[in-house]
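So the structure is just underneath, and the comments pick up after that.
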Amino acid sequence: MVEPIDAGFVILKTPKTDAAAFDAFVRDAIDSSGQEFVALPRSDGWASYDGVFIIPFDDRPQL
(Lines give C-alpha, C1' and ligand atoms only; values in the text may rest on other atoms or scores of the structure.)
Protein backbone atom coordinates (compact mmCIF):
# COMPACT_ATOMS: atom_id res chain seq x y z
CA MET A 1 0.00 0.00 0.00
CA VAL A 2 1.33 3.45 -0.91
CA GLU A 3 0.34 6.51 1.12
CA PRO A 4 1.40 10.09 0.41
CA ILE A 5 3.16 12.07 3.15
CA ASP A 6 4.25 15.72 3.21
CA ALA A 7 7.79 15.01 2.06
CA GLY A 8 7.14 12.06 -0.28
CA PHE A 9 5.36 8.77 0.31
CA VAL A 10 5.44 5.63 2.42
CA ILE A 11 5.12 2.07 1.18
CA LEU A 12 3.57 -0.23 3.79
CA LYS A 13 3.46 -3.99 4.02
CA THR A 14 -0.08 -5.34 4.03
CA PRO A 15 -1.24 -8.62 5.61
CA LYS A 16 -1.26 -10.23 2.14
CA THR A 17 2.30 -9.13 1.34
CA ASP A 18 5.03 -11.78 1.20
CA ALA A 19 7.32 -10.74 4.08
CA ALA A 20 10.57 -11.95 2.47
CA ALA A 21 9.75 -10.22 -0.82
CA PHE A 22 8.88 -6.99 0.99
CA ASP A 23 12.13 -7.08 2.98
CA ALA A 24 14.06 -7.57 -0.28
CA PHE A 25 12.17 -4.65 -1.83
CA VAL A 26 13.02 -2.38 1.12
CA ARG A 27 16.71 -3.39 1.03
CA ASP A 28 16.77 -2.65 -2.71
CA ALA A 29 15.19 0.77 -2.10
CA ILE A 30 17.83 1.51 0.55
CA ASP A 31 20.65 0.38 -1.77
CA SER A 32 19.22 2.44 -4.66
CA SER A 33 18.81 5.66 -2.70
CA GLY A 34 21.30 8.43 -3.29
CA GLN A 35 21.06 11.56 -5.42
CA GLU A 36 17.38 11.28 -6.39
CA PHE A 37 15.75 10.07 -3.17
CA VAL A 38 16.36 8.73 0.32
CA ALA A 39 14.73 5.54 1.61
CA LEU A 40 14.11 5.31 5.35
CA PRO A 41 13.05 1.83 6.47
CA ARG A 42 10.64 1.18 9.31
CA SER A 43 11.17 -1.94 11.40
CA ASP A 44 8.30 -4.19 12.34
CA GLY A 45 9.85 -4.59 15.78
CA TRP A 46 11.26 -8.01 14.99
CA ALA A 47 13.77 -8.71 12.25
CA SER A 48 11.83 -7.43 9.25
CA TYR A 49 10.42 -4.23 7.78
CA ASP A 50 6.80 -3.11 7.75
CA GLY A 51 7.33 0.03 5.71
CA VAL A 52 9.71 2.34 3.94
CA PHE A 53 9.53 6.11 3.63
CA ILE A 54 10.63 7.44 0.24
CA ILE A 55 11.60 11.10 0.22
CA PRO A 56 12.60 12.50 -3.17
CA PHE A 57 15.25 15.20 -3.22
CA ASP A 58 14.06 18.52 -4.54
CA ASP A 59 16.52 19.57 -7.25
CA ARG A 60 15.37 23.18 -7.24
CA PRO A 61 17.89 25.68 -5.88
CA GLN A 62 17.36 26.55 -2.22
CA LEU A 63 16.78 30.22 -1.43
Side-chain angles (χ1 to χ4, degrees):
M1 171 178 22
V2 178
E3 294 183 5
I5 57 173
D6 288 338
F9 57 95
V10 62
I11 302 170
L12 299 170
K13 182 169 59 175
T14 66
K16 294 181 180 181
T17 304
D18 178 271
F22 190 80
D23 285 352
F25 169 78
V26 172
R27 285 191 299 274
D28 185 53
I30 294 166
D31 291 343
S32 298
S33 65
Q35 294 187 1
E36 295 182 18
F37 67 93
V38 64
L40 304 170
R42 187 172 86 171
S43 172
D44 67 359
W46 299 93
S48 297
Y49 301 110
D50 69 356
V52 60
F53 295 91
I54 305 294
I55 302 171
F57 290 129
D58 188 354
D59 59 359
R60 292 177 291 173
Q62 299 297 314
L63 300 176

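Note that these values count all heavy atoms, side chains included, but never hydrogens, waters or copies made by symmetry.
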Taking I30 as the starting point, is it possible to reach F53 by hopping between hydrophobic residues whose side chains are less than 4.5 Å apart?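 Different hydrophobic clusters.
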
Would a single hydrophobic cluster contain both V10 and I55, if residues Ile, Leu, Val, Met, Phe, Trp and Tyr are joined by side-chain heavy-atom contacts under 4.5 Å?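 Same hydrophobic cluster.
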
Got a donor-acceptor contact below 3.5 angstrom from the S43 side chain to the G45 backbone?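 Yes; judged by distance alone, with no hydrogens or angles, the pair exists.
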
Has the side chain of K13 got a donor or acceptor atom that lies under 3.5 Å from a matching backbone atom of Y49?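 It does hold such a pair.
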
Rounded to the nearest 0.5 Å, how far apart are CE of M1 and CZ of F9?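 Atom-to-atom, M1:CE and F9:CZ are 14.0 Å apart.
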
When rounded to the nearest 0.5 angstrom, what distance separates CD1 in I54 from CG in L40?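 So the CD1 of I54 and the CG of L40 are separated by 8.0 Å.
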
[X] versus [Y], closest heavy-atom pair with distance:
{"X": "G8", "Y": "P56", "answer": "CA-CD, 3.8 Å"}
{"X": "I11", "Y": "F22", "answer": "O-CZ, 3.7 Å"}
{"X": "S48", "Y": "D23", "answer": "OG-OD2, 3.0 Å"}
{"X": "F57", "Y": "F37", "answer": "CD1-N, 3.6 Å"}
{"X": "A29", "Y": "A39", "answer": "O-CB, 3.6 Å"}

Among all residues two or more places apart in sequence or in another chain, which pass the salt bridge (Lys or Arg N to Asp or Glu O under 4.0 Å) test with D50?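 Expected list: R42.
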
Determine whether T14 and L12 make a side-chain contact, defined as any pair of heavy atoms from C-beta on separated by less than 4.5 Å.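 No; the side chains remain at least 4.5 Å from each other.
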
